[in-house]
Protein chains: 2
Amino acid sequence: MPRPTVHDIAKNAGVSLATVDRVLNRRPGVRPATVERVREVIHEIGYIRDVAAANLARQRNYQFVFVIPDLTSAFFTQLNGVISEAITRSLVDRTDISIVRVPANDPHALVAELEKLDSKSLNGIAIMAPETPQIRDAIKRLKDQGVSVIGIISDLPNSDVDQFVGINNIAAGRTAGLLLGMFLGPQPVDILVIAGSMQARDHVERRQGFDAIMTEQFPHINVLPTVEAWDDSHLMEELVGRALAARPEIGAVYSIASGNSGLVKALTKRCPVRRFVVAHELTDTSRAALENGVFDAVIKQDVGHIVRSAIRMMRANSDGRDLIASQEKIRIEVVLKENLN
Amino acid sequence: MPRPTVHDIAKNAGVSLATVDRVLNRRPGVRPATVERVREVIHEIGYIRDVAAANLARQRNYQFVFVIPDLTSAFFTQLNGVISEAITRSLVDRTDISIVRVPANDPHALVAELEKLDSKSLNGIAIMAPETPQIRDAIKRLKDQGVSVIGIISDLPNSDVDQFVGINNIAAGRTAGLLLGMFLGPQPVDILVIAGSMQARDHVERRQGFDAIMTEQFPHINVLPTVEAWDDSHLMEELVGRALAARPEIGAVYSIASGNSGLVKALTKRCPVRRFVVAHELTDTSRAALENGVFDAVIKQDVGHIVRSAIRMMRANSDGRDLIASQEKIRIEVVLKENLN
DNA sequence: TGCTAAATGAAGTACGTACCTCATGTCGAG
DNA sequence: CTCGACATGAGGTACGTACTTCATTTAGCA
């Protein structure tokens, strides 16, 4: 019993192939009663469209673009690499993906790039960007032209994106806080919090979540104000070193951003006290730090998963299909020395 | 510039379509020099076979079977559900998947089921089973007949399986141990370890890993002998209750198996002391326990991921393709109250 | 009843690849 | 030089679906 085809539908419904095709592809010119009959038969015989054959016939190909900041830290290098790998892979299934890297912290340039995109030949865009009014408008324009827009990594809650692919950063901050709270136990200590900058929405949310759980569940722990290092490794090393020297009672460090090399340097230089450290993103630096025992835990989001999920979503949106919700859920992963690989 | 087709190869190489086809599908009757020339052109013009069209022409369809124990605990119910979902999904891409549920702990019945499988129409099998000599032989037989065999969840290291999809359970045990060690701090305590049975390879390995890290890094902690509850919820409740009553100095519990309802009952009944609890597998029970603060951490393997990965592997094996290694890596996930979803 | 607009059918081509048949070309061994 | 083995070409059909064209039937309405 081979799987039923359009011919079987036609035969069973007593109509011609042309009519079946009109129903299947929602073309006009079919009486409602006939549509109904064909639909019934489709259901009855369990017809399932062969998407491969359909795409072949339709000469369908997908054009997707990833728009990401042109930062060069380990996390963004990794992101870039993962997208490149996806590009290679996607050649086999009629999908063209390109990367547009835009200057970070320059909404104007970003909008200019978005305007450049040719929405005629474009099916989907996955974008990581801060949410400004201009960007919101540019996204709206793309959506109006039928382009599927997916936010990745950093949410755009007030924009008209189809979906967001990434973690809940408030929960990520809470998770970091819970870990440190449990590691530290009941004695009062200070926690040093450091970040790249507090402009990025994801960083702000992590701090929010961190503060919230600390207040709720670990009121005996004193969370210091955020030290901002502006994505500068040397500056971070200096600031952390100074902070630790000034307050030896600091019992733990929470690193909100993904750049950690300066932090690692500062921590390894002066190691009189055992301090608990939780950081974000698994990179070569943070992996080594976990292995050396400099970091105790890393909160991670799987970049490969994010990229693949975004591609699946753009494709599903273009086809008007739905997908497996659980597969698209990006998890807040807790990585310790023992579950590193 | 549309993507190159077989016609473009033929044109550029100055040969006929028939020859191109012979080269592409490794059919005999082509001079080595010609093969070489065609290969070069393929590389030059960047030809990539349209697998959809190829499968269509080839009338290819995949027949896969999942062989799993017919246990009814939450974890296995979940596993069953995930496979069923995959079955529904797979209809669209010419893939037929079926489930064979075999009595647990009955290698004879398992082998009988394996013998029944018709290797003529079968392309791949994903199996979760203990490794006995008979099962090893049955797997060998299937492989010899050209069936791709994938081990899932519980490893079969001495069998001739193509791949194993699942976590490293020794590392999972070490991760649990590390968490408890860090939660407990420096004061000496006892840890109660409970399991379903110590027959299953995965459980044994978890215990191994747990003991190893405790000896190495937390020698001040006393790990008690494993309490076996034989997958019996009531028995577990009773045994745990008795153990906790007898030794109030127990500061933590490590639950190796996936069935946790008896444990939760025993723990909630008597709650004088704050005890750290780490368990395995995220089910309704363990999720609720995390939310209530009865469990502190759950070590999880993503069943949906495992099943999808096994399917991708069976398909890749059938096609002689390779796949994205990082996507197939099953992670040892640490789930706390704050990163539950 | 006749007219018009809408509904339906018949039959094709195309997509990119697989696979088949048969004719023809080429080369080396005897 | 001839024969046979092997290499290659030409041209086809098929897979399941999309989409087109044009002819024909049916329904609605005056």
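In what follows, every heavy atom counts, from backbone to side chain, and hydrogens, waters and symmetry copies are set aside. Labels below follow one simple rule: chain letters A, B, ... track the order of the sequence lines, proteins then strands, and each chain is numbered from 1.
A search for salt bridge (charged side-chain N to carboxylate O under 4.0 Å, His left out) contacts involving Asp160(A) returns nothing, not counting sequence neighbours. With sequence neighbours excluded, no residue forms a salt bridge (charged side-chain N to carboxylate O under 4.0 Å, His left out) with Arg22(B). Applying the salt bridge (charged side-chain N to carboxylate O under 4.0 Å, His left out) rule to Arg49(B) yields no partners; only residues at least two apart in sequence or on another chain are considered. For Lys329(B), there are no salt bridge (charged side-chain N to carboxylate O under 4.0 Å, His left out) partners two or more places apart in sequence or in a different chain. Annotation: side chain to side chain contact (heavy atoms under 4.5 Å, CB included) contacts of Leu282(A) (sequence neighbours excluded): Ser286(A), Arg287(A), Leu290(A), Val298(A), Lys300(A), Val335(A), Leu340(A).
Arg27(A) places its CZ atom 6 Å from the C1' atom of dA18(D), with the value rounded to the nearest Å. If you measure from atom CG of Asp50(A) to atom C1' of dA18(D), you get 12 Å, rounded to the nearest angstrom. A straight line from NE2 of His7(A) to P of dA18(D) spans 12 Å, rounded to a whole angstrom.
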Task: Contact state string [nucleotides 3-13 of chain D, B base, S sugar-phosphate only, - no protein heavy atom under 4.0 Å] - done: ----SBBB---
Residues 38-48 of chain A, side-chain donor-acceptor partners within the protein, below 3.5 Å, at least two apart:
none

Distance-only donor-acceptor hits, side chain of residues 77-85 of chain A, under 3.5 Å, sequence neighbours excluded:
unit_1   : atom_1 : unit_2    : atom_2 : d
Thr77(A) : OG1    : Thr72(A)  : O      : 3.2
Thr77(A) : OG1    : Ser73(A)  : O      : 2.9
Asn80(A) : OD1    : Arg101(A) : NE     : 3.1
Ser84(A) : OG     : Asn80(A)  : O      : 2.9

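Interface residues of residues 39-48 of chain A facing DNA chain C, ordered by number: none; criterion, heavy-atom separation under 4.0 Å.
One finds a salt bridge joining Asp302(A) and Arg331(B) here, because a Lys/Arg side-chain nitrogen approaches an Asp/Glu carboxylate oxygen to under 4.0 Å.
A side chain to side chain donor-acceptor pair (under 3.5 Å) check over residues 51-62 of chain A, counting only residues at least two apart or in different chains, returns the pairs Tyr62(A)-Asp319(A). Annotation: side chain to side chain donor-acceptor pair (under 3.5 Å) contacts involving residues 109-118 of chain A, sequence neighbours excluded, comprise Glu113(A)-Lys116(A), Glu115(A)-Arg141(A), Asp118(A)-Ser121(A).
Exactly one of Ile306(B), Ile97(B), Ile87(B) qualifies for a side chain to side chain contact (heavy atoms under 4.5 Å, CB included) with Ile311(B). That residue is Ile97(B).
When the nearest nucleotides of DNA chain D are assigned to Arg58(B) and Asp21(A) by heavy-atom distance, the more 5′-ward of the two goes with Arg58(B).
Think of the region where chain B sits on DNA chain C: with heavy atoms and a 4.0 Å cut, that region ends 5' and 3' at dG16(C) to dC19(C).
Heavy atoms of Asn55(A) sit nowhere under 4.0 angstrom from any nucleic acid atom. Among the atoms of the strands shown, none is found under 4.0 Å from any heavy atom of Arg60(B).
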